[in-house]
S.K.: 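My questions will all concern the structure given below.
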Amino acid sequence: MTTTKSYINKVMHDRKSVRKYDANYKIPQSELEELLVEATTAPSSSNLQPWRFLAIQDEEVKKDLRLIANNQEQVETASAIIAVLGDTEMYNNAEEVYTKNFELGYMDEATKNMMIENSLKLYPNLPKEILKNIATFDAGLISMQIMLLAKNMGYDIVTMGGFNKEAFAERFELTDNLVPIVLIAIGKAAASAYGSSRLALNDIAKFI
């Protein structure tokens with residue numbers, strides 16, 4: 001069987017980790033807003049959507065962030081840095097999320113009430129570490145969508161996990177329920193990204 005390459009395949013393969021950006025290029029905030037709205041179609045545990053964002057565009061703030069992010073040049077030269085945070089109290093969204101699902105006709109009232117009750121019974125009683133793991137996993141899902149959507153919009157990106165998360169939380173005065181997870185630089189490339197190889201399928205997958 002021959003597999004036809006789709007447009008999404010092209011975007012996936014065109015996406016590279018770019019670390020050299022045109023510091024003079026600025027992405028309109030309206031486009032960043034559009035990007036984040038589209039990215040929120042990502043799935044999440046119980047649809048509680050634990051992701052939160054700081055879209056950092058201010059030049060002085062980016063200079064501060066560069067010191068927190070191991071002096072990575074792209075933090076300062078990219079048009080914006082999208083900091084993806086995880087909310088470990090995502091269960092507080094339950095009533096809003098499921099009420100809206102009911103109002104949009106996605107579920108009946110009995111299901112809405114059951115989902116709210118189950119979420120508020122389960123999640124608040126989970127250990128903080130498990131809640132952090134859930135938020136981190138869901139943040140990873142939306143981060144990949146952000147990167148692919150950004151590439152589709154004609155921008156370049158790189159994701160960065162290497163930054164001082166405690167210093168970040170302090171600098172941006174995060175409440176205890178917000179966990180810094182990843183930084184995504186977005187802008188226009190000033191130099192081509194390096195290619196990168198992948199492990200062979202036989203080394204990473206087993207079909208049984």
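Nothing fancy with the numbering, it's 1 onward along the sequence. Source: prediction; values computed, not measured.
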S.K.: Hey, any chance Val61 and Leu178 share a hydrophobic cluster, counting ILVMFWY side chains that come within less than 4.5 Å of each other, even indirectly?
M.R.: yes
S.K.: Would you say Leu201 ends up clustered with Met12 if hydrophobic residues are merged whenever their side chains have heavy atoms under 4.5 Å apart, either directly or through other cluster members?
M.R.: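 Shared cluster, no.
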S.K.: If we count only N and O atoms by modelled type, under 3.5 Å, do the side chains of Ser79 and Gln57 hold a donor and an acceptor together?
M.R.: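 There is no such pair (donor and acceptor under 3.5 Å, judged by atom type) between the side chains of Ser79 and Gln57.
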S.K.: What do the steps show when you test Val18 against Gln74 for side chain to side chain contact (heavy atoms under 4.5 Å, CB included), and what is the final call?
M.R.: CA-CA 8 Å; Val18 170; Gln74 63 267 20; over 6 Å; no
S.K.: Quick one: does any side-chain atom of Thr40 pair with a main-chain N or O of Val37 as donor and acceptor, under 3.5 Å?
M.R.: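 Flag set: sc Thr40 to bb Val37 pair under 3.5 Å.
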S.K.: Is there a donor-acceptor pair under 3.5 Å between the side chain of Gln72 and the backbone N or O of Ala69?
M.R.: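 Checking the backbone N and O of Ala69 against the side chain of Gln72, a donor-acceptor pair under 3.5 Å is found.
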S.K.: Let me see the working for Met114 and Asn118 under side chain to side chain contact (heavy atoms under 4.5 Å, CB included), right down to the final yes or no.
M.R.: CA-CA 6 Å; Met114 179 191 68; Asn118 289 348; 3.5 Å; yes
S.K.: If I compare all heavy atoms of Asp58 with all of Glu60, which pair ends up nearest, and what's the gap?
M.R.: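 Smallest heavy-atom distance, with atoms named: OD1-N, 3.0 Å.
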S.K.: Answer whether the closest heavy-atom distance between the side chains of Leu85 and Phe53 falls below 4.5 Å.
M.R.: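 No, every pair of side-chain atoms sits at 4.5 Å or beyond.
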S.K.: Check for me, please, whether Met147 and Leu54 land in the same ILVMFWY cluster - side-chain distances under 4.5 Å, paths through other members count.
M.R.: no
S.K.: Would you find a donor on one side and an acceptor on the other, under 3.5 Å apart, between the side chain of Thr41 and the backbone of Glu38?
M.R.: yes
S.K.: Return the CG to CE distance between Leu149 and Met144, rounded to the nearest 0.5 Å.
M.R.: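 That separation rounds to 9.5 Å.
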S.K.: Please determine whether a side-chain nitrogen of the Lys or Arg among Lys121 and Glu117 lies less than 4.0 Å from a carboxylate oxygen of the Asp or Glu.
M.R.: yes
S.K.: Given 3.5 Å as the limit, does a donor-acceptor pair link the side chain of Asn113 with the main chain of Ala110, or not?
M.R.: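 No, because the side chain of Asn113 does not come within donor-acceptor range (under 3.5 Å) of the backbone of Ala110.
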S.K.: Is the ring centre of Tyr25 less than 6.0 Å from the ring centre of Tyr21?
M.R.: no
S.K.: State, to 0.1 Å, how close Ala39 and Gln145 come at their nearest heavy-atom pair, and which atoms those are.
M.R.: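 Answer, listing the atom of Ala39 first, then Gln145: O-NE2, 3.1 Å.
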S.K.: Are the charged groups of Lys188 and Asp156 less than 4.0 angstrom apart, N to O?
M.R.: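 No salt bridge links Lys188 with Asp156.
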S.K.: How close do Val158 and Ser17 get, counting heavy atoms only, and between which atoms?
M.R.: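 Val158 and Ser17 have their closest heavy atoms at CG2-CB, 3.6 Å.
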S.K.: Any heavy-atom pair between the side chains of Tyr123 and Met90 that's under 4.5 Å?
M.R.: yes
S.K.: When rounded to the nearest 0.5 angstrom, what distance separates CG in Asn70 from CG in Asn164?
M.R.: 8.0 Å
S.K.: I'd like to know whether NZ of Lys16 has more than 12 heavy-atom contacts from other residues, nucleotides or ligands below 6.0 angstrom.
M.R.: yes
S.K.: So Ser44 and Pro50, do their side chains get closer than 4.5 Å, heavy atoms only?
M.R.: yes
S.K.: Answer whether the closest heavy-atom distance between the side chains of Ile146 and Ile186 falls below 4.5 Å.
M.R.: no
S.K.: Any side-chain heavy atom of Ile184 within less than 4.5 Å of one from Ile81?
M.R.: no
S.K.: Are any side-chain N or O atoms of Lys206 and backbone N or O atoms of Asp203, one a donor and one an acceptor, separated by less than 3.5 Å?
M.R.: no
S.K.: Before accepting this row, confirm whether a basic side-chain N of the pair Glu170/Lys165 lies closer than 4.0 Å to the acidic partner's carboxylate O.
M.R.: no
S.K.: Is it the case that the side chains of Tyr98 and Asn47 hold a donor-acceptor pair, with the cut-off being a distance below 3.5 Å and no angle test?
M.R.: no
S.K.: Looking at Asp14 and Lys151, does any basic side-chain N land under 4.0 Å from a carboxylate oxygen?
M.R.: no
S.K.: I need the Glu129 CD to Leu131 CG distance, nearest 0.5 Å.
M.R.: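 Separation between the atoms: 9.5 Å.
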S.K.: Do you know which two heavy atoms are closest between Ser119 and Ala94, and how far apart they sit?
M.R.: CB-CB, 3.9 Å
S.K.: Are a donor atom and an acceptor atom from the side chains of Asn9 and Ser6 found within less than 3.5 Å of each other?
M.R.: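 A donor-acceptor contact under 3.5 Å links the two side chains.
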S.K.: Could you check whether any side-chain heavy atom of Leu174 comes within less than 4.5 Å of a side-chain heavy atom of Pro180, counting everything from C-beta outward?
M.R.: yes
S.K.: Classify the side-chain pair Arg198/Ser196 by whether it contains a donor and acceptor separated by less than 3.5 Å.
M.R.: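 Side-chain D/A pair, Arg198 to Ser196: present.
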S.K.: Would you confirm whether Asp138, through its side chain, and Ala135, through its main-chain N or O, come within 3.5 Å as a donor-acceptor pair?
M.R.: no
S.K.: Which residue is it: Arg19, Lys20, Arg66? I am looking for the one with a side chain to side chain donor-acceptor pair (under 3.5 Å) to Glu73.
M.R.: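 The residue from Arg19, Lys20, Arg66 that satisfies side chain to side chain donor-acceptor pair (under 3.5 Å) with Glu73 turns out to be Lys20.
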S.K.: Hydrophobic clustering (ILVMFWY, side-chain heavy atoms < 4.5 Å, transitive) - are Leu36 and Leu141 grouped together?
M.R.: no
S.K.: So do Leu65 and Leu183 actually touch side chain to side chain, heavy atoms under 4.5 Å?
M.R.: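 Contact flag for Leu183/Leu65 side chains = yes.
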S.K.: Determine, for Glu103 against Lys100, whether the closest basic-nitrogen to carboxylate-oxygen distance falls under 4.0 angstrom.
M.R.: no
S.K.: Heavy atoms only: give me the nearest Val84-Ser143 pair and the separation to one decimal.
M.R.: CG2-OG, 3.6 Å
S.K.: Check whether more than 12 heavy atoms from other residues, nucleotides or ligands sit under 6.0 Å from atom CD of Glu166, and answer yes or no.
M.R.: no
S.K.: Rounded to the nearest 0.5 Å, how far apart are CG of Leu48 and CG of Asn92?
M.R.: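 Rounded to the nearest 0.5 Å, the CG-CG separation comes to 9.5 Å.
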S.K.: Kindly say whether Asn177 contributes a backbone atom to a donor-acceptor pair with the side chain of Thr88 at under 3.5 angstrom?
M.R.: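 Judged by distance alone, yes, a pair lies under 3.5 Å.
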S.K.: What distance separates Arg52 CZ from Gln49 CD, expressed to the nearest 0.5 Å?
M.R.: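 The distance works out to 8.0 Å.
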S.K.: Would you say Glu89 has more than 12 foreign heavy atoms packed within less than 6.0 Å of its CD?
M.R.: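 Correct, the count exceeds 12.
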S.K.: Is it the case that more than 12 heavy atoms not belonging to Asn71 sit under 6.0 Å from its CG atom?
M.R.: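 Yes, enclosed.
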S.K.: Compare every heavy atom of Phe163 with every heavy atom of Ile181, then report the nearest pair and how far apart it is.
M.R.: O-CE2, 3.9 Å
S.K.: Hey, does the Lys NZ or Arg CZ of Lys112 hover above the aromatic six-ring of Phe102, less than 6.0 Å from the centre and inside 45° of the axis?
M.R.: yes
S.K.: To the nearest 0.5 Å, how far apart are CD1 in Ile56 and CG in Leu32?
M.R.: 11.5 Å
S.K.: Do the side chains of Met160 and Leu67 join up, straight or via other hydrophobic residues, at under 4.5 Å, putting them in one cluster?
M.R.: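 Hydrophobic grouping puts Met160 apart from Leu67.
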S.K.: Is a side-chain donor or acceptor of Thr111 paired with a backbone partner of Met107 at a separation under 3.5 angstrom?
M.R.: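 Answer holds: no.
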S.K.: For Ser46 and Tyr91, does a side-chain donor sit closer than 3.5 Å to a side-chain acceptor?
M.R.: no
